> 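Pasting a structure below so you can have a look.
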Amino acid sequence: MTKPKYYITTAIAYASAKPHIGNTYEAIATDAIARYKRAKGYDVFFCTGTDEHGQKIENCAAAAGIAPQAYVDNVAGVIKGMWDKMNVSYDYFIRTTDDYHVKTIQKIFERFLRQGDIYKGYYEGWYCTPCESFFTDTQVTDGKCPDCGRPVKQAKEEAYFFNMQKYAPRLIEYFETHPGFLEPEARKKEMLNNFLLSGLQDLCVSRTSFTWGIQVPSDPKHVVYVWLDALVNYITAIGYDPDKSFEEQSEQFKKLWPADVHMIGKDIVRFHSIYWPIFLMALDLPLPEKIFGHPWFNFGADKMSKSRGNVIYADKLSEYVGVDGVRYYALAEMPFASDGSITWESVLARYNTDLVNTLGNLVKRTLDMQKKYFDKKIEAPTAPEALDDDFKAVCAEAVKTYYEAMDSYHIADAIDAILSLLRRANKYIDETQPWVLAKNEESRARLATVLYNLLESIRWGAVMLAPMIPETAATIFAQLGTENTSFESIGGEFNGTEAGASVNDSAVLFARIDEAKTLEGIYAEIEAARKAAEAPKIEKPEGCAIIGFDDFMKVELRTAQITECEPVPKAKKLLKLKVDLGYETRQVVSGIAKFYKPEDLIGKKIILVANLAPAKLCGVESEGMLLASGEETVRVIFLDPETPLGERVR
């Protein structure tokens with residue numbers, strides 16, 4: 001039987017900087033849906049990638065002193081590495097600097113020109129460099145971008161424009177006849193009322209004020225506007241050829257297009273639900289089945305931004321709660337339509353509450369009781385009671401709710417459904433009290449039934465958790481000793497755990513975190529980083545005259561050990577040291593009395609300038625000089641205690 005296809009995408013990440021947890025959420029959420037669909041029997045193609053052109057990247061590269069391609073190569077590697085660390089199971093990672101993508105964009109631009117969809121003119125208005133977006137006077141308030149809130153600037157340049165009005169009526173009709181095309185519903189109303197129904201402006205699709213972009217073949221001083229370039233990745237990634245009709249496209253393209261869902265942030269809904277569908281109409285291609293504009297993560301109640309110093313990165317977060325801890329929090333805390341909230345406090349609290357207590361303790365104590373009372377062997381459930389029916393009903397309802405939530409992209413609600421099952425299982429332990437049943441041989445069959453029900457409920461929970469926290473789910477299956485991990489095995493009969501089989505030893509799934517102690521360390525690290533960032537930059541010193549290698553080799557540096565040390569009488573700054581070179585002993589006078597006590601120096605190994613001409617300091621002869629750094633504060637260079645004496649330092 002042929003599997004139904006399911007083509008799912010993230011918005012490709014802008015390759016200007018390392019993605020924070022808000023950016024990473026989209027990849028994790030899309031991955032959860034992709035894993036769920038695979039487990040439900042779909043032939044999933046999951047595409048993600050990086051958007052690598054535009055003025056902002058050109059500026060970032062210039063600030064870094066490197067070429068734009070080198071800059072995006074580095075950042076794309078960082079983004080891909082983050083997705084890999086978070087176990088994002090993408091099937092394809094596209095980069096908009098890929099040669100085939102560049103060539104396809106150029107062909108599409110020229111096709112639009114031939115069709116009369118694009119015309120040349122001049123753009124004059126407000127431009128936001130970070131968003132790569134143009135805005136009208138009515139959209140801009142107090143000189144700030146309506147999307148990101150950062151300053152906009154006036155721009156005027158020759159540009160090509162796409163005739164959006166040509167397709168606007170058709171798109172409005174599509175919105176009205178396809179109610180599930182854009183979700184959540186509030187996003188649809190915003191696009192219709194604020195853009196489409198009020199009169200859609202033509203879109204600038206080329207730039208001449210910078211060069212880092214895809215060159216327009218017929219007019220090389222123009223580069224393709226980044227949003228036309230970026231949006232088309234969804235079809236170039238699967239082999240689209242603009243010189244062919246849909247029927248003439250590759251088998252892969254015809255199989256996968258249209259996409260089943262584009263998962264995107266709410267800030268780019270306008271580009272995906274208005275401009276992208278119109279581009280597709282101009283190419284005579286079907287529109288995607290659904291565009292889902294997910295909310296943002298805020299840091300508490302504030303928008304996350306580097307300038308505010310409240311950015312959290314997923315890889316750093318994973319150092320405390322693990323990769324599955326990060327995935328779990330991101331998915332559990334993001335509502336369907338309104339913004340989610342993240343703080344260090346809330347992450348640690350939910351980790352301890354949900355993962356350590358509700359899930360981890362349930363699995364461990366159930367397995368430990370199975371081992372203690374039945375030597376790990378699973379007995380058939382032959383002694384049911386009325387209480388079991390309610391327990392099983394709650395489990396079945398959790399599965400039903402979970403399916404409904406996942407099928408409609410309510411991922412946080414799906415996790416709530418799983419938690420309802422896990423909490424009921426913990427309550428079931430308290431109600432049945434297996435430790436009491438174990439005291440009476442006549443209750444052994446009932447004890448076996450209770451533990452069987454618990455093992456089966458844990459298995460159901462792990463099946464549902466697998467798309468969210470895959471590594472943990474795999475560990476639970478291994479501890480249960482089961483390979484029955486399919487969605488087909490849950491939600492119906494409560495008999496998927498094999499009687500007669502044995503469980504394996506338990507292990508802690510999630511170690512408890514000392515929240516107060518961990519937070520103290522986290523905020524100390526954040527404060528140290530803040531101070532380091534605010535510290536004045538060290539200016540390059542004027543330095544000394546350049547010398548050749550031969551001149552440097554005239555300085556004889558030798559390893560030595562301080563054997564004696566005492567103050568020089570009537571000289572507050574000076575210490576008199578005896579140093580052992582291995583082959584002879586020297587007396588050295590050094591101006592380090594302000595920084596070191598004599599007893600702290602004895603036994604230390606140092607580097608001595610051994611061929612310095614002898615000199616008298618305050619009447620005391622000195623036969624060399626210690627190597628040290630600093631002006632206001634002097635720091636002697638100490639060597640490893642195992643360093644041999646008298647070695648030449650080069």
Side-chain angles (χ1 to χ4, degrees), residues 318 320-329 332 347-379 381 388 391-392 394-395 398 415-439 444 446-466 468-485 489-490 494 496-499 501-515 518:
S318 71
Y320 300 96
V321 299
V323 169
D324 274 358
V326 176
R327 288 177 62 103
Y328 180 84
Y329 184 90
V347 170
L348 300 185
R350 185 177 268 272
Y351 171 88
N352 277 339
T353 300
D354 291 0
L355 298 180
V356 176
N357 292 346
T358 304
L359 174 61
N361 285 351
L362 170 65
V363 174
K364 190 167 193 329
R365 62 177 176 165
T366 299
L367 289 169
D368 288 348
M369 287 189 290
Q370 191 69 43
K371 178 179 180 179
K372 180 178 181 180
Y373 301 138
F374 292 96
D375 195 26
K376 302 183 184 178
K377 185 179 179 182
I378 303 169
E379 300 287 338
D388 302 347
F391 178 42
K392 294 176 185 178
V394 170
C395 293
I415 288 182
D416 285 343
I418 300 170
L419 285 175
S420 70
L421 181 152
L422 299 176
R423 293 187 184 110
R424 186 65 185 86
N426 279 303
K427 182 181 178 183
Y428 183 71
I429 293 177
D430 296 336
E431 292 170 336
T432 56
Q433 297 184 319
W435 53 91
V436 175
L437 295 173
K439 295 177 181 179
R444 188 168 180 80
R446 177 58 184 159
L447 174 62
T449 299
V450 167
L451 291 179
Y452 182 93
N453 290 341
L454 286 168
L455 291 171
E456 180 69 348
S457 70
I458 291 169
R459 191 184 68 81
W460 283 28
V463 170
M464 291 188 285
L465 282 169
M468 285 81 169
I469 48 175
E471 288 184 345
T472 301
T475 300
I476 294 173
F477 292 139
Q479 291 184 19
L480 292 175
T482 185
E483 295 181 358
N484 196 6
T485 62
S489 70
I490 67 173
F494 211 67
T497 296
E498 182 184 354
S502 295
V503 301
N504 293 309
D505 286 331
S506 69
V508 174
L509 293 177
F510 298 96
R512 181 172 299 281
I513 292 175
D514 184 329
E515 295 178 38
T518 303

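Bear in mind that the values here come from a model prediction, so they are computed numbers and not experimental data.
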> Do T353 side-chain atoms and R350 backbone N/O form a donor-acceptor pair below 3.5 Å?
no

> Of all the heavy-atom pairs spanning P381 and Y452, show the shortest one and how long it is.
CG-CD2, 3.7 Å

> Check the pair Y351, I513 against side chain to side chain contact (heavy atoms under 4.5 Å, CB included), reporting the backbone distance first and the verdict last.
CA-CA 8 Å; Y351 171 88; I513 292 175; 3.5 Å; yes

> Ignoring hydrogens, what is the shortest heavy-atom contact between D505 and Q479? Give both atom names and the distance.
O-CG, 3.8 Å

> Please examine the side chains of E431 and R424, heavy atoms only from C-beta on, and report whether any two atoms are closer than 4.5 Å.
yes

> Kindly determine whether F477 and V463 satisfy side chain to side chain contact (heavy atoms under 4.5 Å, CB included), including the steps that lead there.
CA-CA 9 Å; F477 292 139; V463 170; 3.8 Å; yes

> Distance from N426 atom CG to L419 atom CG, nearest 0.5 Å?
10.5 Å

> Given side chains that start at C-beta, do those of L367 and L480 come closer than 4.5 Å, heavy atoms only?
yes

> For residues K392 and N453, determine if any side-chain heavy atom of one lies less than 4.5 Å from a side-chain heavy atom of the other.
yes

> Report yes if the side chains of F494 and S457 come closer than 4.5 Å at any heavy-atom pair, otherwise no.
yes

> Will you find, in the side chains of S489 and R459, an N or O donor that is under 3.5 Å from an N or O acceptor?
yes

> Check the pair L359, I469 against side chain to side chain contact (heavy atoms under 4.5 Å, CB included), reporting the backbone distance first and the verdict last.
CA-CA 12 Å; L359 174 61; I469 48 175; 4.2 Å; yes

> List the residues meeting side-chain hydrogen bond (donor to acceptor under 3.5 Å, both in side chains) with T472, not counting sequence neighbours, and say none if there are none.
D324

> Are a donor atom and an acceptor atom from the side chains of Y428 and D388 found within less than 3.5 Å of each other?
yes

> Pick from L451, N504, L454: which one makes a side-chain contact (heavy atoms from CB on, under 4.5 Å) with Q370?
L451

> Would you indicate whether the side-chain heavy atoms of S506 and V363 approach each other to under 4.5 Å?
no

> Would you find more than 12 non-hydrogen atoms of other residues, nucleotides or ligands less than 6.0 Å from K371 atom NZ?
no

> From I415 CD1 over to L422 CG, what is the distance, rounded to the nearest 0.5 angstrom?
11.0 Å

> Less than 4.5 Å apart, any side-chain heavy atom of T358 and any of R423?
yes

> Which atom pair, heavy atoms only, marks the closest approach of A499 to E379?
CB-C, 4.2 Å

> Is the closest side-chain heavy-atom distance between L421 and V394 below 4.5 Å?
no

> Would you say the side chain of L509 lies within less than 4.5 Å of the side chain of L355, judging by non-hydrogen atoms?
no

> Is it the case that the side chains of T497 and E456 hold a donor-acceptor pair, with the cut-off being a distance below 3.5 Å and no angle test?
yes

> Return the OH to CD1 distance between Y328 and I418, rounded to the nearest 0.5 Å.
7.5 Å

> Where is the tightest heavy-atom contact between A398 and A417, given as atom of each residue plus distance?
CB-O, 3.4 Å

> Applying the side-chain hydrogen bond (donor to acceptor under 3.5 Å, both in side chains) test to D368, which of K364, R365, K372 qualifies?
K364

> Quick one: which residue pairs count as a salt bridge (charged side-chain N to carboxylate O under 4.0 Å, His left out) with a foot in residues 506-515, not counting sequence neighbours?
none

> Enter the distance from F374:CZ to R444:CZ here, rounded to the nearest 0.5 Å.
4.5 Å

